[in-house]
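In this text the structure is predicted, and so the values were computed from the model without any measurement. Residue indices begin at 1 and follow the sequence shown.
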Amino acid sequence: MEMTFRWYGESDPISLDYIRQIPGMKGIVSAIYDIPVGEVWPLEKIQALKSSIEAKGLELSVIESVPVHEDIKTGKPTRDKYIENYKTTLKNLGEVGIPVVCYNFMPVFDWTRSDLAFLLSDGSNALIFDEEQVNKMDPRTLSLPGWDESYTSEEMNNLMDEYKSIDDEKLWENLEYFIKAIMSTAETAGVKMAIHPDDPPYSIFGLPRIITGQAALDRFIKLYDSEYNGVTLCVGSFASDPKNDAVAILGSMLEKNRVNFVHARNVKLMGGKSFQESAHLSEKGSIDMYRVVKALSDHNFTGAIRPDHGRMIWGETGKPGYGLFDRALGATYLNGLWEAAQKSKADAETK
């Protein structure tokens, strides 16, 4: 298991100098953030990003993400142009030696929450999803960190209208077209693809969402039978739906050798489809994080893992979910669980 940390480039208030001080930290998860969605990532920009990270004694372990253009998701005739651009970007990433790309196929919006700074009982604040509040929101006027903010109001309205004619099966059809178009390029480039689950893993704002649980992942990996067509196993995303057993889903995908990246965060289920993001510690949420790490250990997982969204603690302010302190605590906690699981396994094997 390789411990990594999300970094938003030179504009990130959390520096690489701080990140490398986290015990056991090996890699960085990042991206090129100034290239419009659908355009090719220049080789020199990728190399510059990698070099800046390596200069601090870290590795560029995962690109998160190369966004998928909406024309691909909606199946427009223009999708082939954007798919060719995507393939060129994968070739460039492979040439520089990037091993994994995380991406998602969520229509219009990335992860969605109702409050970015909900006050918790201990005085920290965190991201939450209140089902009742989300149902009252107007998606045409929302903006959250990580979303594509390049759309004008008119473009957003048009895009939302386009999705009225796209149901789950049509979105699956468009995903299959995309996967079959890019995967041979990814294999040749040596870049493992890792689709991120929908977050939360159910329909919101009337939009289809399809990467939602065990059955969806089983269907997805059959679209292209290769370890390069894998998943980002985000236990927090899957566990946000009470119907999902996130640890069982993780184990199943590990058995099939399709876990190419792991997001580890805890969520506390609040009833219905509501949840709040919590500290990584098992007792603070609804996920047994030891079982998560033990599953990785039992399957000899060697890929990248990162502590996902953290609370804002100790007076820290910044990008919601992406402060330094709580994610650093999460990384240290996960490393401790990994050491315990590995040593327990070694002890059992010597008896």
Side-chain angles (χ1 to χ4, degrees), residues 1-4 62 100 102 104 111 126-127 129 194-202 209-221 227 230-311 321 326-327 329-348:
M1 184 179 83
E2 180 191 18
M3 186 57 62
T4 64
V62 179
V100 176
C102 172
N104 71 71
W111 58 268
L127 307 168
F129 182 94
I195 195 167
H196 190 285
D198 300 337
D199 184 12
Y202 34 76
R209 287 193 161 191
I210 57 177
I211 306 300
T212 55
Q214 183 69 66
L217 290 186
D218 288 341
R219 178 175 179 176
F220 171 75
I221 62 175
E227 66 182 36
V231 303
T232 295
L233 209 302
C234 180
V235 291
S237 292
F238 283 123
S240 299
D241 186 341
K243 295 184 296 184
N244 284 333
D245 183 335
V247 179
I249 293 172
L250 170 63
S252 173
M253 288 298 109
L254 286 167
E255 288 284 349
K256 296 176 175 69
N257 194 31
R258 294 300 185 93
V259 179
N260 290 341
F261 185 31
V262 176
H263 284 184
R265 61 177 166 87
N266 213 340
V267 295
K268 185 175 182 180
L269 301 178
M270 306 299 291
K273 291 182 177 178
S274 298
F275 62 89
Q276 65 185 37
E277 301 198 357
S278 65
H280 285 75
L281 195 67
S282 296
E283 67 183 51
K284 293 297 184 181
S286 299
I287 305 173
D288 186 333
M289 298 303 290
Y290 176 72
R291 289 181 61 217
V292 169
V293 176
K294 185 176 185 301
L296 296 172
S297 174
D298 288 346
H299 289 84
N300 301 309
F301 180 70
T302 59
I305 183 174
R306 72 169 177 86
D308 205 1
H309 303 165
R311 303 165 299 147
D326 201 39
R327 287 190 295 154
L329 291 177
T332 303
Y333 174 60
L334 293 167
N335 272 330
L337 292 178
W338 176 259
E339 180 179 348
Q342 288 284 91
K343 288 185 175 179
S344 177
K345 183 170 72 171
D347 289 346

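In this structure the side chain of Ile211 never reaches within 4.5 angstrom of the side chain of His196, judged on heavy atoms. Val267 places none of its side-chain heavy atoms less than 4.5 Å from the side chain of Phe129. No side-chain heavy atom of Asn104 sits under 4.5 Å from any side-chain heavy atom of Asp198. Residues Val62 and Thr4 form no side-chain contact, since every pair of their non-hydrogen atoms from C-beta on lies 4.5 Å or further apart. Looking only at side-chain heavy atoms (C-beta outward), Leu250 and Phe238 stay at 4.5 Å or farther from each other. In this structure, the side chains of Lys268 and Phe275 stay at 4.5 Å or more apart for every pair of heavy atoms. Inter-residue side-chain proximity for His299 and Glu255 is flagged as met; some heavy-atom pair is nearer than 4.5 Å. Counting only heavy atoms from C-beta outward, the side chains of Asp241 and Lys273 never approach each other to under 4.5 Å.
Side-chain atoms of Tyr333 come within 3.5 Å of backbone N or O of Ser282 as a donor-acceptor pair. Remark: the backbone N or O of Ala264 is not paired with any side-chain donor or acceptor of Arg306 at under 3.5 angstrom. Of the possible polar contacts, one joining the Arg209 side chain to the Asp199 backbone as a donor-acceptor pair under 3.5 Å is found. When atom types are taken as modelled, the side chain of His280 and the backbone of Leu334 share no donor-acceptor pair closer than 3.5 angstrom.
Closest heavy-atom contact between Arg327 and Gly310: CG-N, 3.9 Å. Residue Ile287 comes nearest to Asn266 through the heavy atom pair N-OD1, 3.0 Å, listed as atom of the first residue, atom of the second, then distance. Residue Pro201 comes nearest to Asn244 through the heavy atom pair CG-ND2, 4.1 Å, listed as atom of the first residue, atom of the second, then distance. Of all heavy-atom pairs spanning Leu254 and Val259, the tightest one is N-CG2, 3.6 Å. Taking every heavy atom of both residues into account, Ser286 and Leu269 meet most closely at OG-N, 3.0 Å. Pairing each heavy atom of Gly330 with each of Pro307, the nearest pair is C-CB, 4.2 Å.
Within a 6.0 Å sphere centred on NZ of Lys256, heavy atoms belonging to other residues, nucleotides or ligands number more than 12.
Atoms CH2 and OH, on Trp338 and Tyr290 in that order, are 11.5 Å from each other to the nearest 0.5 Å. How far CG of Asp326 is from CD of Glu277: 10.5 Å, rounded to the nearest 0.5 Å. A distance of 11.0 Å separates SG of Cys234 from CD1 of Ile249, quoted to the nearest 0.5 Å. Here the CD1-CZ distance, from Ile195 to Phe261, works out to 14.5 Å after rounding to the nearest 0.5 Å. Atom CG in Leu337 sits 9.0 Å away from atom CG in Asp288 (nearest 0.5 Å). Taken to the nearest 0.5 Å, the CG atom of Asn300 stands 13.0 Å off from the CE atom of Met1.
Taking a cutoff of 4.0 Å between a charged side-chain nitrogen and a carboxylate oxygen, Asp347 and Lys345 do not qualify as a salt bridge. At a threshold of 4.0 Å, the pair Asp298-Lys294 counts as salt-bridged, since one of the basic side-chain nitrogens sits closer than that to a carboxylate oxygen.
Aromatic ring orientation, His309 versus Trp111: tilted (interplanar angle from 30° to 60°).
For the salt bridge (Lys or Arg N to Asp or Glu O under 4.0 Å) test, no residue two or more places apart in sequence or in another chain qualifies with Asp245. For Thr232, there are no side chain to side chain donor-acceptor pair (under 3.5 Å) partners, not counting sequence neighbours. Judged as a salt bridge (Lys or Arg N to Asp or Glu O under 4.0 Å), and not counting sequence neighbours, Lys243 has no contacts.
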Could you walk me through whether Asn335 and Glu339 pass side chain to side chain donor-acceptor pair (under 3.5 Å), step by step? CA-CA 6 Å; Asn335 272 330; Glu339 180 179 348; over 6 Å; no

For side chain to side chain donor-acceptor pair (under 3.5 Å), just list the numbers for Ser237 and Arg265, CA-CA rounded to whole Å, side-chain angles, deciding distance to a tenth of an Å, and then say yes or no. CA-CA 9 Å; Ser237 292; Arg265 61 177 166 87; 3.2 Å; yes

Before giving the answer on side chain to side chain contact (heavy atoms under 4.5 Å, CB included), spell out for Val231 and Phe220 the whole-Å C-alpha distance, their side-chain angles and the decisive distance to 0.1 Å. CA-CA 9 Å; Val231 303; Phe220 171 75; 4.3 Å; yes

Would Gln276 and Met270 count as a side chain to side chain contact (heavy atoms under 4.5 Å, CB included) if you check the C-alpha gap in whole Å, the side-chain angles of each, and the deciding distance to 0.1 Å? CA-CA 7 Å; Gln276 65 185 37; Met270 306 299 291; 3.8 Å; yes

Starting from the C-alpha separation in whole Å, work towards a yes-or-no answer on side chain to side chain contact (heavy atoms under 4.5 Å, CB included) for Ser278 and Arg311. CA-CA 7 Å; Ser278 65; Arg311 303 165 299 147; 5.7 Å; no

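Side-chain contact annotation: Glu2 with Thr302, donor-acceptor N/O pair under 3.5 Å absent.
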